Amino acid sequence: MQKEYKTLKSIVGPLILVEGVEGVKFEELVEVYAEDGRKRMGKVLEVHNDKALVQMFESPQGIATEGSRAKFLGRPLEIGVSTDMLGRTFSGSGEPLDDGPQIIPDKKINIGGAPINPYSRDYPEDFIQTGISTIDCLNTLVRGQKLPVFSGAGLPHSQVATKIARQAKVRGGGGDFAVVFGTMGVTFEEAEYFINEFKKTGAINRSVLFINTAADPVVERISTPRLALTTAEYLAYEKDMHVLVILTDMTNYCEALREVSAARKEVPGRRGYPGYLYTDLATIYERAGKIKGKKGSITQIPILTMPEDDITHPIPDLTGYITEGQIVLGRDLHQKDIYPPINVLPSLSRLSPTARKVTREDHEGLFGQLYASFARGLEVRDLAIILGESALSETDGKYLKFAKDFEEKFISQGETEDRSIDETLDLGWELLTILPRSELKRVKEEHIEKYMPKKD
């Protein structure tokens with residue numbers, strides 16, 4: 001039931017206080033009309049007695065307490081969903097940004113979503129191949145997992161995101177694959193880059209893009225990931241598709257939360273972010289997964305830039321608690337022109353042991369050997385800086401060469417290079433030929449005989 005009021009009492013930033021309301025509900029949509037008749041949308045953020053706090057999706061400029069009116073629509077923010085959304089680009093409020101027509105929806109769904117009952121969750125175990133060696137071999141992605149990318153200002157997380165979106169596939173088939181890509185607070189150039197990359201490579205045909213730029217309303221940033229995830233849930237659980245959701249940049253999303261929290265005069269938490277930041281992020285990240293009895297799945301890769309490269313900052317810190325690992329981009333690798341600059345040692349995928357069982361028999365042992373050997377190589381590199389390479393033993397010298405080749409050949413790969421898991425594992429074995437055979441203590445002897453190239 002729609003109700004209209006002219007009792008707007010205060011306007012602070014994107015927030016409007018309406019008094020004398022009856023029967024208004026939390027998250028209800030609101031149309032606010034300025035005196036000139038121009039309509040703008042918002043939603044109910046808080047209800048107390050006969051007062052409703054309305055959060056605007058657009059700038060409230062031109063709206064005054066006198067002469068303006070608010071109409072409460074009696075329903076929450078919804079998105080009309082359909083398989084026709086594949087191949088299309090939308091704004092952060094769900095409006096088409098391309099030249100295509102309006103979507104004729106199969107149904108309309110509340111973007112708030114619902115948490116997945118833990119009992120009904122199915123354990124993620126199906127390997128997703130990204131074509132990036134450091135992810136596929138060392139931080140293996142599993143269908144239904146949530147695995148964030150921790151980046152920093154100036155690092156190529158946009159290129160890594162589009163590379164994953166372009167190349168990701170469920171190994172061995174097993175259903176239709178789709179990508180839902182949501183951007184929050186990105187520059188116009190970044191938005192154009194994403195759209196053009198998807199079109200250029202043909203990935204747009206299996207993708208749905210939601211684009212919120214820095215010029216768009218701050219509040220729209222809060223709804224963008226929920227629009228993306230609601231679309232993904234429809235494609236996964238009702239159309240049996242395997243959906244990869246990429247959200248960038250979650251730092252901009254959290255900044256929008258902080259801005260709205262400050263406008264509401266809430267008591268700030270760590271670094272000025274609201275005390276409910278953890279809970280709010282969980283409502284996004286926990287919408288990934290597999291459900292028993294459903295053929296589809298949602299895998300989520302949120303991307304965030306760590307302010308001042310600080311991994312202990314509240315945003316990456318809380319994200320790490322909720323998600324199942326992290327992929328960390330390293331500035332030192334980027335400065336060496338290594339792409340993608342994935343820092344192997346602090347990166348982690350907690351579900352990768354499950355995936356390594358279904359890729360190839362040698363994957364588990366090879367992972368351990370490569371990881372340990374690279375860590376030893378970095379230790380030797382630090383030692384060589386202090387003592388000089390001439391002071392190293394012969395074995396240490398080989399570890400030093402291994403670390404250098406591992407960065408240049410295994411971590412580094414072309415922007416369009418799409419390595420299969422077999423190519424990645426074979427490359428790992430080739431690098432292990434640098435080391436003395438007596439050092440290969442984490443791989444089985446029969447795997448050495450079967451997979452390691454023979455030296456001339």
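For clarity, every value in this text was computed on a predicted model and none was experimentally measured. In this chain, numbering begins with 1 at the start of the sequence shown.
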Are side-chain N/O atoms of [X] and [Y] paired as donor and acceptor at under 3.5 Å?
X: Asp136; Y: Thr130; value: yes
X: Tyr451; Y: Glu361; value: yes
X: Asp249; Y: Thr251; value: yes
X: Arg350; Y: Thr323; value: no
X: Glu4; Y: Tyr33; value: no
X: Ser158; Y: Glu190; value: yes
X: Arg226; Y: Thr283; value: yes
X: Arg419; Y: Ser133; value: yes

When Glu238, Glu78, Glu233 are each screened for salt bridge (charged side-chain N to carboxylate O under 4.0 Å, His left out) with Lys107, the one that passes is Glu238
With ring centroids as reference points, do His313 and Phe150 lie under 6.0 angstrom apart?
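No, they do not, as the ring centres are separated by 6.0 Å or more.
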Got a salt bridge between [X] and [Y], using NZ or NE/NH1/NH2 to carboxylate O under 4.0 Å?
X: Asp122; Y: Arg143; value: no
X: Glu286; Y: Lys146; value: yes
X: Asp98; Y: Lys199; value: no

Minimum heavy-atom distance between Ile301 and Val149, given as atom pair plus value:
CG2-CG2, 3.8 Å
Which residues pass the side chain to side chain contact (heavy atoms under 4.5 Å, CB included) test with Ser93, not counting sequence neighbours?
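Partners of Ser93 by the side chain to side chain contact (heavy atoms under 4.5 Å, CB included) criterion, ordered by chain and then number, come out as Ser91, Glu95, Glu220.
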For Pro340, enumerate each residue passing the side chain to side chain contact (heavy atoms under 4.5 Å, CB included) test, keeping only those at least two apart in sequence or located in another chain.
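Only Ile132, Val160, Ile342, Gln413 meet the side chain to side chain contact (heavy atoms under 4.5 Å, CB included) criterion with Pro340.
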Are more than 12 heavy atoms from other residues, nucleotides or ligands located less than 6.0 Å from atom [atom1] of [X]?
X: Tyr276; atom1: OH; value: yes
X: Arg442; atom1: CZ; value: no
X: Glu430; atom1: CD; value: no
X: Lys265; atom1: NZ; value: no

Evaluate the ring planes of Tyr5 and Phe72, with Trp represented by its six-membered ring, and classify them as parallel (under 30°), tilted (30 to 60°) or perpendicular (over 60°).
perpendicular
What is the ring orientation for Phe406 with Phe410, classed by angle as parallel under 30°, tilted 30 to 60°, or perpendicular over 60°?
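The arrangement is parallel - the two ring planes meet at less than 30°.
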Could you check whether Arg221 makes a cation-pi contact with Tyr253, meaning its NZ or CZ is under 6.0 Å from the centre of the six-membered ring and within 45° of the ring axis?
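Geometry flag: not set, cation outside 6.0 Å or 45°.
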